[in-house]
Amino acid sequence: MATLPQRFGRGVRRLREAAGYSQERFAALARIDRAYYSRIERGHTNVSLEVVGRIAKALKVSLGELFAAVDAE
């Protein structure tokens, strides 16, 4: 069974890829260090609410839509 950080990372990755961004471009857009963003997608870190908000804003989705994508994992 996947952990919550792993499910979050997979959900974010699916949305990022659907939006057509590379990891590097998306990390810059969301103002997140590229290496840290990579760890987020791999589920190797717990993400602060501040970073969750930046990810949702960069993806142009609501927090509800972001968490729905995570919940679908």
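All heavy atoms count here, side chains included; hydrogens, waters and symmetry mates do not.
The closest donor-acceptor contact from the side chain of R34 to the backbone of A28 lies at 3.5 Å or more, if one exists at all. Although no hydrogens or angles enter the test, the distance criterion places no donor-acceptor pair under 3.5 Å between the side chain of R39 and the main chain of H44. Proximity of a side-chain donor or acceptor of E65 to a complementary backbone N or O of S62 within less than 3.5 Å is detected. Between the Q6 side chain and the T3 main chain, a donor and an acceptor come within less than 3.5 Å of each other.
The shortest heavy-atom contact between R54 and A30 is CD-O, 3.0 Å. Closest non-hydrogen pair, A27 versus Y37, comes out as CB-CB, 3.9 Å. A pairwise comparison of heavy atoms in Y36 and V47 identifies OH-CA, 4.0 Å as the closest pair. A pairwise comparison of heavy atoms in R14 and A72 identifies NH2-CB, 3.9 Å as the closest pair. For the residue pair A2 and R7, the shortest heavy atom distance occurs at CB-CG, 3.8 Å.
Here the CG atom belonging to L66 is positioned 5.0 Å from the CZ atom belonging to F8, to the nearest 0.5 angstrom. In this structure, CD1 on I40 lies 9.5 Å from CG on D33, to the nearest 0.5 angstrom. The NZ atom of K60 sits 13.5 Å away from atom CG of L15, with the distance rounded to the nearest 0.5 Å.
The shortest side-chain heavy-atom distance between L4 and N46 does not fall under the 4.5 Å cut-off. Taking 4.5 Å as the limit, every side-chain heavy atom of E41 sits out of range of all side-chain heavy atoms of F26.
By the side chain to side chain donor-acceptor pair (under 3.5 Å) test, E24 is found to be paired with no residue, residues two or more places apart in sequence or in another chain being considered.
Taking a 6.0 Å sphere around CZ of R10, one finds it holds more than 12 heavy atoms contributed by other residues, nucleotides or ligands.
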